[in-house]
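Remember, it's 1-based here, ligands and their atoms both numbered in the order they're listed.
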Amino acid sequence: MFEPNSPHDRTPLAEERQGSVFTQEVAVAGPAKGQFYIESYGCQMNFNDSEIVASVLAETGYQPTSDIDQADLILINTCSIRERAEETVRKRLQGFKKLKRKNRGLLVGVLGCMAERLKSKFLEEEKLVDLVVGPDAYRDLPRLIEKADDGEKGLNVFLSREETYADINPLRLDQNGVTSFISIMRGCDNMCSFCVVPFTRGRERSRDPFTILAEARDLFENGYREATLLGQNVDSYKWENPETGEVVHFAQLLEMVAGVHPALRIRFSTSHPKDITDEVLETIARHHNICKYIHLPVQSGSSRILEMMNRTYDADWYKGRIEAIRRIIPDCSISSDIIAGFCSETEADHQETLDMMRYTHYCMSYMFIYSERPGTLAARKYPDDVPESVKKRRLSEIIELQHELSASHNEADIGKTYEVLIEGDSKRDDQEFKGRNTHNKMVIFPKADGLKAGDYVFVHITSATSATLRGQIVRPD
Ligand code: SAH
Ligand code: SF4
Ligand code: F3S
């Protein structure tokens, strides 16, 4: 029923996703307290947060388990981005009732964005929940668990202006040992009118760059070959050294992390069209190990809708940024997030979105139907007035166009040779490897002796579908 997805099958900060952890035996500090099982939903940041939670729990003597029946503590790290994401969590919680009946001492905790949004209401609505913990309160988990063990409910949804978990080394869960994530900031200061994230994640704050560097070095030394820097808006990363007053912006951070090792690839997500600077683009262009791939969500192609969305750019500005990418990084792939059927969207607005997709020629997009979220600016200001059937039809037109664009992108790759980082065996055939090229495209190719996950190879592309490229290993040109 719940396919444990790997977070590596997921790209940017989008979509309702779900996955349970597969964990290796982990050395725990102090006396063994019991076993915890954690299941994550939502964006990559949420998956990365689960690794922070796992680290906090391991420090206090809890051992992770991938077998829910063995767990003394079940944690569910939730997402609120669209209504459906919350419905999925509620259904999942119902499924835990049986387990609770079997094991009276079992604790169930809800973490993440839905915990933050609903706060104590969660404890009233879902009686079986013992703990409700928001994204900035994970250090408090050991105390809250103790409280819950004593029969009280544990609640901490305090949002911090400082917490970045900078000193916590995430316990890498469900990893392929090659690619991993590093959260470089938390929260969001933009107020896109459709979005719940500023309410669930609080104010934007950037993490000390030296702790980011240390984490990247640690990953490399442990065999990882790719790090994705995560933030809701990485381009507004800004850290001021409290001693010297020196300011580090995203371009400088990229430069620093790229310098860890030439064989450590760097990706980042998500970029915001209003904040991505030429300096960032020039830094990407200068470094072979910074991937030539930018996730630059447009949301809509209509300037009128963009204004209502409070995205603070219009269609011309967005096109200007695309031109800058093409000029500074000629061979860069670009992907997007698109919302169909935002409040008052007309057929003409929708056509402008399709036009923008053709203009930018996205290699990939995450595409959604607008879902009104309580408390957001749009929910308060604009009626959700596009009929569901119209939303669905527009979404299917967007999906169909994206399918064509992806297919044409991939066809154009036939005959080219790409450097690919091997991530492991292909899902379908263990005689084949899978890996990604700089453009974040999945490449499948037959294995060759002596190669393993974490190695770089050159692959000549011989065929393509809209989803993957296939090829043969060759010597570099
Ligand atoms: N910080 C990122 C996006 C995070 S949320 C950015 O600004 O690009 C991921 C995506 O979910 C958004 O880009 C948007 O396309 C979508 N999304 C957010 N709220 C939504 C809503 N209420 N209805 C539908 N889609 C939504
Ligand atoms: Fe939401 Fe906008 Fe912030 Fe992205 S930038 S998380 S869409 S408010
Ligand atoms: Fe991420 Fe969902 Fe929260 S997309 S930030 S887990 S609302």
Side-chain angles (χ1 to χ4, degrees), residues 7 10-19 39-50 76-86 88-89 110-118 134-136 159 181 183 185-204 230-237 268-276 294-300 305-306 308-313 318 334-343 345 353 362 365-379 382 384 386 388 391 394-395 398:
R10 347 171 177 269
T11 4
L13 298 168
E15 242 194 336
E16 294 95 9
R17 308 175 179 113
Q18 62 195 46
E39 198 166 277
S40 310
Y41 293 78
C43 61
Q44 285 169 342
M45 295 207 77
N46 232 27
F47 278 74
N48 196 227
D49 278 3
S50 292
I76 177 155
N77 196 358
T78 59
C79 172
S80 281
I81 200 84
R82 282 167 289 276
E83 201 177 340
R84 225 187 58 196
E86 294 198 351
T88 312
V89 166
V110 177
L111 317 177
C113 292
M114 204 175 161
E116 190 62 51
R117 195 177 82 72
L118 292 163
D136 287 346
L159 281 177
F181 303 107
S183 293
M185 56 211 291
R186 300 183 70 82
C188 182
D189 275 355
N190 296 314
M191 272 287 169
C192 301
S193 62
F194 52 80
C195 184
V196 79
V197 172
F199 304 95
T200 62
R201 294 256 163 187
R203 298 301 298 266
E204 181 185 287
L230 296 179
Q232 293 298 350
N233 175 3
V234 289
D235 304 291
S236 68
Y237 176 89
F268 52 90
S269 188
T270 298
S271 297
H272 197 297
K274 83 174 157 69
D275 291 318
I276 191 163
I294 299 177
H295 184 61
L296 196 68
V298 69
Q299 312 297 358
S300 167
I305 294 290
L306 286 170
M308 287 174 68
M309 286 177 163
N310 204 19
R311 288 288 288 183
T312 67
Y313 55 84
Y318 188 88
I334 304 168
S335 61
S336 196
D337 291 350
I338 297 169
I339 297 178
F342 185 67
C343 315
E345 187 188 73
T353 296
Y362 295 118
S365 292
Y366 292 101
M367 300 156 282
F368 313 102
I369 278 182
Y370 172 59
S371 160
E372 187 178 87
R373 307 309 294 131
T376 56
L377 215 66
Y382 308 121
D384 180 11
V386 178
E388 199 61 21
K391 285 181 179 173
R394 288 183 189 160
L395 179 71
I398 290 169

Answer yes if the side chains of S236 and E204 hold a donor-acceptor pair under 3.5 Å, and no otherwise. yes

Would you say N77 and D49 are linked by a side-chain donor-acceptor pair, where the criterion is simply a distance under 3.5 Å? no

Quick one: does [X] get a heavy atom under 4.0 Å from ligand 1?
X: R311; result: yes
X: I339; result: yes
X: N233; result: no

Distance from atom 2 (Fe) of ligand 2 to nearest protein heavy atom, with residue and atom: C192 SG, 2.3 Å

Identify, for atom 1 (Fe) of ligand 2, the protein heavy atom at the shortest distance, and state residue, atom and that distance. C195 SG, 2.3 Å

Test item: [X] side-chain N/O and [Y] main-chain N/O as donor-acceptor pair under 3.5 Å:
X: D275; Y: D235; result: no
X: R117; Y: V196; result: no
X: R201; Y: C188; result: no

What I want to know is whether [X] and ligand 1 share at least one N or O pair that is separated by under 3.5 angstrom.
X: Q232; answer: yes
X: Q299; answer: yes
X: R82; answer: yes
X: E372; answer: no
X: D337; answer: yes
X: F194; answer: yes

Determine whether D136 and R203 satisfy the following criterion, salt bridge (charged side-chain N to carboxylate O under 4.0 Å, His left out), listing intermediate values before the conclusion. CA-CA 11 Å; D136 287 346; R203 298 301 298 266; over 6 Å; no

Would you kindly specify which portion of [X] sits under 4.0 Å from ligand 2, judged on non-hydrogen atoms: side chain, backbone, both or neither?
X: C188; value: side chain
X: P297; value: neither
X: N190; value: both

Does some side-chain heavy atom of [Y] sit less than 4.5 Å from a side-chain heavy atom of [X]?
X: I81; Y: C195; answer: yes
X: P198; Y: N190; answer: no
X: I294; Y: F268; answer: yes
X: Y318; Y: L306; answer: no
X: N233; Y: K274; answer: yes
X: M309; Y: F194; answer: yes
X: Y41; Y: E86; answer: no
X: R394; Y: T353; answer: no

Using heavy atoms and a 4.0 Å limit, tell me yes or no: is [X] in contact with ligand 3?
X: R201; value: yes
X: S80; value: yes
X: M114; value: no

Those atoms of ligand 3 less than 4.0 Å from some heavy atom in [X]:
X: N46; answer: 6 (S)
X: C43; answer: 1 (Fe), 4 (S), 5 (S), 6 (S)
X: C113; answer: 3 (Fe), 5 (S), 6 (S), 7 (S)
X: Q232; answer: 5 (S)

Per-atom filter on ligand 2: closer than 4.0 angstrom to a heavy atom of V197 are 6 (S)

Give the numbers and elements of all ligand 2 atoms closer than 4.0 Å to a heavy atom of P198. 8 (S)

Ring geometry between Y370 and F342 (parallel below 30°, tilted from 30 to 60°, perpendicular above 60°): perpendicular

Nearest heavy atom to atom 7 (S) of ligand 2: which of M309, R311, Q232 does it belong to? R311

Subset of ligand 1 atoms that lie under 4.0 Å from at least one heavy atom of I369: 23 (N), 24 (C)

Per-atom contacts, ligand 1 versus R373 - under 4.0 Å to a heavy atom: 22 (N)

Between C79 and atom 2 (Fe) of ligand 3, is there a contact where an N/O/S atom of the residue lies under 2.8 Å from the metal? yes

Can you name the nearest heavy-atom pair linking L377 to M191, along with the distance? CD2-O, 4.5 Å

